[in-house]
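Worksheet: one structure, shown below.
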Amino acid sequence: MSRFAVPVHGNYHGYYSKRPSIRDPRLALLPADFFQAKRVLDVGCNEGWVTCEIAQTWGASQVIGVDIDDTLIRAAWKRRRTVWSLQAPSGIQSSEPSNDIDLSAISEPSQKRMRMSLPSEGNISDYFPASCEHIYGPLPIPNHVRDDHDFPHNVSFRAADWLHDEIPEDKTPYDIIIAFSISKWIHLNSGDEGLLRFFERVHNALKLGGTFILEPQAWDTYAKARRMDDSLKENARNLKIRPNEFEIILQKIGFGSVQHLGTTGEGGFHRPVDLYVKV
């Protein structure tokens, strides 16, 4: 069992059962080649679903997932083996959309869903039935490596409090850092100073021209979260910064103007995704 009895860091177990999708819709807001040959850090990776997707289907050269909850990190390593077990063997080619389909006659949301449902060239991610993995267990990952930039060798996980502790991978600057659904939890646990420290850590860990992808959580969602624990409730009373100020703060730290990529998700998960470039 995790040492975190209550998910006060947003470290929900089974989180992706609440927002299930074959492909994460937040990633669909980004250009198709956004992660190609890039080195990526996924902060607050939870059980590694997004981390593995970026490594497997978006062409990243290296993806590191980090989370404060060691139980979630163990689940992320298991997720890596599951995803590996379900993908097609190398050399199996994916089918392409039929030339008879007139995409101009289809609405943009429908086009996006169609593109998201199609496997990438030469990499069919859902080739084997999931039932095979459930019944017989995941396939072993081979030790021999044709290319360490290929999935699953291009993805790894660390259990660490990245806000306060460096990890070995930090020695080399990242091309992209992702912070999905974690700004509220950093803010409530570590206050305004902790949030500023996190933004500065991201800026320092990125290479010049690197990209920060942030999914900020609205201020009205803090109310439910702070009821989880007395320390969160007490910290919330002293917060001065609001999420609508993040843009100004990040520009002062050294990022360029925000690019609002759009919003996605349903219900309480309907949130914006923003892009910042280190200048």
Side-chain angles (χ1 to χ4, degrees), residues 10 12 15-36 38 40-46 48-60 63 65 97 101 103-120 125 174-187 195 198-199 202-203 206 209-222 225 241-251 253 255-279:
Y12 292 100
Y15 176 78
Y16 284 97
S17 65
K18 299 176 183 177
R19 53 185 311 170
S21 59
I22 297 174
R23 303 286 177 89
D24 195 288
R26 295 168 293 186
L27 298 179
L29 296 173
L30 297 161
D33 62 349
F34 184 75
F35 294 101
Q36 190 68 39
K38 295 296 193 297
V40 183
L41 177 67
D42 181 11
V43 183
C45 67
N46 197 269
W49 286 52
V50 168
T51 325
C52 287
E53 181 182 338
I54 294 170
Q56 183 191 41
T57 65
W58 290 86
V63 191
I101 298 177
L103 290 178
S104 64
I106 303 174
S107 66
E108 284 192 18
S110 296
Q111 289 184 39
K112 180 181 289 187
R113 285 193 295 271
M114 180 179 292
R115 286 193 296 268
M116 288 174 65
S117 67
L118 291 170
S120 58
S125 59
Y174 300 101
D175 296 296
I176 300 167
I177 295 180
I178 296 173
F180 281 160
S181 301
I182 62 169
S183 58
K184 171 177 66 179
W185 301 105
I186 292 172
H187 205 181
L195 182 68
F198 174 68
F199 288 157
V202 170
H203 184 268
L206 283 169
T211 306
F212 179 37
I213 304 298
L214 175 66
E215 180 192 18
Q217 292 136 299
W219 177 251
D220 60 9
T221 68
Y222 282 55
I241 296 173
R242 298 294 184 266
N244 60 7
E245 300 174 75
F246 289 178
E247 297 178 25
I248 296 173
I249 291 170
L250 286 163
Q251 288 178 38
I253 289 173
F255 288 97
S257 299
V258 64
Q259 298 179 42
H260 298 296
L261 300 178
T263 57
T264 188
E266 299 179 357
F269 297 113
H270 187 71
R271 302 174 187 147
V273 177
D274 297 333
L275 182 154
Y276 297 87
V277 177
K278 178 177 177 177
V279 295

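In this structure, F199 has its ring center no closer than 6.0 Å to that of F255.
Judged as a side chain to side chain contact (heavy atoms under 4.5 Å, CB included), and not counting sequence neighbours, the contacts of A225 are K184, W185, L188.
Two residues are said to be in side-chain contact when any heavy atoms from C-beta on lie closer than 4.5 Å; I253 and Y276 fail this criterion. Looking at V63 and W58, their side chains never come closer than 4.5 Å, going by heavy atoms from C-beta outward. By the 4.5 Å heavy-atom criterion applied to side chains, F246 and V258 are not counted as neighbours. The shortest distance between side-chain heavy atoms of F180 and I213 falls below 4.5 Å. When side chains are defined from C-beta on, K38 does not count as touching T211, because their heavy atoms never get closer than 4.5 Å. Between I54 and L27, the closest side-chain pair of non-hydrogen atoms falls below 4.5 Å.
Side chain of Q217 to backbone of S183: a donor-acceptor contact under 3.5 angstrom is found. Using modelled atom types, no side-chain atom of H260 and backbone atom of D274 make a donor-acceptor pair closer than 3.5 Å. Although no hydrogens or angles enter the test, the distance criterion places no donor-acceptor pair under 3.5 Å between the side chain of E215 and the main chain of V273. The backbone N or O of Y12 lies less than 3.5 Å from a partner atom in the side chain of N46, making a donor-acceptor pair.
Taking all atoms of both residues into account, the shortest heavy-atom contact from P272 to P216 is O-CD, 3.6 Å. In terms of heavy atoms, C45 sits closest to G65 at SG-C, 3.6 Å.
C52 SG to D42 CG: the interatomic distance, rounded to the nearest 0.5 Å, is 9.5 Å. Once rounded to the nearest 0.5 Å, the distance linking CZ of F212 with CG of L41 reads 10.5 Å. The NE2 atom of H203 sits 5.0 Å away from atom NZ of K278, with the distance rounded to the nearest 0.5 Å. Note: L214 CG to E247 CD = 10.0 Å, rounded to the nearest 0.5 Å.
Ring planes of H187 and Y222: perpendicular class, angle over 60° (limits at 30 and 60°).
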Q. Should L29 and T264 be marked as a side-chain contact (heavy atoms from CB on, under 4.5 Å) after you check the CA-CA gap, both sets of side-chain angles, and the distance that decides it?
A. CA-CA 8 Å; L29 296 173; T264 188; 4.1 Å; yes
Q: Give the C-alpha distance, both sets of side-chain angles, the deciding distance and a yes or no for side-chain contact (heavy atoms from CB on, under 4.5 Å) between R26 and I178.
A: CA-CA 11 Å; R26 295 168 293 186; I178 296 173; over 6 Å; no
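Checking I176, D175, I177, V277 one by one against L206, the side-chain contact (heavy atoms from CB on, under 4.5 Å) holds for a single residue, I177.
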